[in-house]
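To start, the structure under review is shown below, and the notes come after it.
Note on naming: letters A, B, ... go to the chains in the order of the sequence lines (proteins, then strands), and numbering restarts at 1 for each one. Bear in mind that the values here come from a model prediction, so they are computed numbers and not experimental data. Values reported hereafter were calculated over all heavy atoms of this structure, with side chains retained and with hydrogens, waters and symmetry mates removed.
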2 protein chains.
Amino acid sequence: MRISTRGEYGLRAMLVLAENYNKGPYPLREIAKLEQISEQYLEQLFRKLRKSQLVVSYRGARGGYVLARDPADISVNQVLTALEGPLAPMQCVAENIKDEKCKHRGNCSARVVWEKLKDAINKILDETTLADLIANATEE
Amino acid sequence: MRISTRGEYGLRAMLVLAENYNKGPYPLREIAKLEQISEQYLEQLFRKLRKSQLVVSYRGARGGYVLARDPADISVNQVLTALEGPLAPMQCVAENIKDEKCKHRGNCSARVVWEKLKDAINKILDETTLADLIANATEE
DNA sequence: ATAATCCCGAGTAAAAGAGTATGTTTTGGC
DNA sequence: GCCAAAACATACTCTTTTACTCGGGATTAT
């Protein structure tokens with residue numbers, strides 16, 4: 001039940017952009033150096049973030065990435081979902097297929113706990129924004 | 001962020017034992033047939049469950065497994081942890097190494113959300129027992 | 001004795017994870 | 001106009017994990 005490095009690196013990179021919000025395009029190379037992440041790997045991750053419209057890119061010299069909107073309007077859930085897919089502990093509760101029952105015996109009493117887990121996870125991640133996280137950081 | 005088939009199958013198998021609590025040893029072969037799971041794979045899982053003292057085994061003909069204690073005293077967290085290891089979204093918050101800080105820049109403001117996630121996950125799974133799940137199932 | 005059962009170590013094929021490699025395209029600045 | 005800095009893109013590779021399988025051995029009720 002781990003988040004992969006995609007989510008881990010991607011979130012850290014987004015926090016860098018959040019800290020530099022409204023200061024013009026920020027190049028991946030800088031993020032990579034700061035966070036000690038492979039630049040090419042970051043590029044892969046940012047393709048997904050861009051397609052999910054969480055960042056906007058500027059090409060060419062002096063180019064880079066900026067957050068698509070205010071850090072307070074980007075949740076951790078949006079970032080992780082873009083990078084990792086739906087955050088659910090089990091396939092059967094990942095999509096909105098509440099109608100389809102599990103094929104298992106009875107109808108799978110285990111599913112109840114997977115639903116609860118999914119809801120708890122998504123609640124936390126929806127409630128937490130990039131702004132929340134960088135606010136915490138500066139408090140010390 | 002998925003639970004593997006170890007946790008999935010293991011929990012379903014434990015629910016079968018919970019439903020048959022106090023009825024004597026229940027053989028893996030039966031569980032495997034009921035739940036459509038490979039018997040040899042289940043054996044591997046039950047080795048872990050036994051070592052975590054969640055089940056007791058009886059060898060020989062008419063042998064099988066029984067829950068080590070009442071279904072109301074076995075949490076889903078205990079089952080999943082035995083099979084999957086500590087349930088944490090990130091290595092850095094998995095063990096009790098709160099003292100050790102992340103090596104990342106600043107000190108990793110992302111960690112806050114990982115801690116919250118971990119706590120939420122463990123709370124749900126601690127609160128839910130095998131008895132809770134089978135109670136739900138019989139309600140329909 | 002035999003069949004049913006748990007017990008155990010090792011092996012293996014497929015998938016996912018974590019990147020690399022090798023470019024092309026765009027654009028600001030000189 | 002040229003150049004360097006950047007994003008964009010596809011494909012490849014290596015490692016680890018997952019999800020099992022294989023082939024046996026040890027116990028025990030009947």
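The distance between atom CG of Leu42(B) and atom C1' of dC7(C), rounded to the nearest whole Å, is 14 Å. When the P atom of dA5(D) is taken as reference, atom CD of Glu43(A) falls 15 Å away, rounded to whole Å. Rounded to whole Å, atom P of dT13(D) lies 18 Å from atom OH of Tyr41(A). Atom CG of Leu83(B) and atom P of dT18(D) are 12 Å apart (whole Å). Distance, Arg47(A) CZ to dT20(C) C1': 13 Å, rounded to whole Å. Distance OH (Tyr26(A)) to C1' (dA7(D)): 16 Å, rounded to an integer number of Å. The distance between atom NZ of Lys48(A) and atom P of dT10(D), rounded to the nearest whole Å, is 14 Å. Taking atom CD on Gln36(B) and atom P on dC20(D), their separation rounds to 12 Å, with Å as the unit.
Among the nucleotides dT20(C), dC6(C), dT27(C), the one closest to any side-chain atom of Tyr65(B) is dC6(C). Here the nucleotide nearest the side chain of Ala61(A), chosen from dG25(D), dT21(D), dA5(D), is dA5(D). Closest to the side chain of Gln44(A), from the set dA9(D), dC7(C), dG19(C), is dG19(C). Listed nucleotides: dA6(D), dC6(C), dT10(D). Nearest to the side chain of Pro27(B): dC6(C). You'll find that the side chain of Arg62(A) is closest to dG28(C), out of dC20(D), dG28(C), dA6(D).
The shortest side-chain heavy-atom distance between Val66(B) and Tyr26(B) does not fall under the 4.5 Å cut-off. Inter-residue side-chain proximity for Leu34(A) and Val16(A) is flagged as met; some heavy-atom pair is nearer than 4.5 Å.
Within the 4.0 angstrom heavy-atom criterion, only backbone atoms of the sugar-phosphate kind lie near Tyr58(B); the bases stay farther away. Note on Arg50(B): only backbone sugar-phosphate atoms sit closer than 4.0 angstrom, heavy atoms only; bases stay farther off. Gly60(A) comes within 4.0 angstrom of a base, heavy atoms only. Residue contacts shown for Arg6(A) are limited to sugar-phosphate atoms, with no base heavy atom under 4.0 Å away.
Gln40(A) contributes a side-chain N or O that forms a donor-acceptor pair with the base of dA21(C) under 3.5 Å. Interface remark: the Arg59(A) side chain does form a donor-acceptor pair with the dT25(C) base, using a distance-only criterion of under 3.5 Å.
Residue Ser57(A) has a polar side-chain atom (N or O) positioned under 4.0 Å from OP1 or OP2 of dC8(D). For dA18(C), the OP1/OP2 oxygens have a side-chain nitrogen or oxygen of Thr5(A) closer than 4.0 Å. The phosphate of dA18(C) (OP1 or OP2) has no side-chain N or O of Ser38(A) nearer than 4.0 angstrom. For the OP1/OP2 pair of dA19(D) and a distance below 4.0 Å, the side-chain nitrogens and oxygens of Ser4(B) include at least one atom meeting the criterion. For the OP1/OP2 pair of dG19(C) and a distance below 4.0 Å, the side-chain nitrogens and oxygens of Tyr9(A) include at least one atom meeting the criterion.
Side chains of Ser38(B) and Tyr9(B): no donor on one and acceptor on the other come within 3.5 Å. Side-chain contact of Asp132(A) with Thr128(A): a donor-acceptor pair under 3.5 Å is absent, judged by distance alone. In this model, a donor atom of one side chain and an acceptor atom of the other lie less than 3.5 Å apart for Ser4(A) and Glu84(A). Between Glu127(B) and Ser75(B), the side chains place no donor N or O within less than 3.5 Å of an acceptor N or O (distance only, hydrogens not considered).
Nearer to the 5' terminus of DNA chain D, by closest-nucleotide assignment, is the contact made by Leu28(A) (compared with the other of Met1(A) and Leu28(A)).
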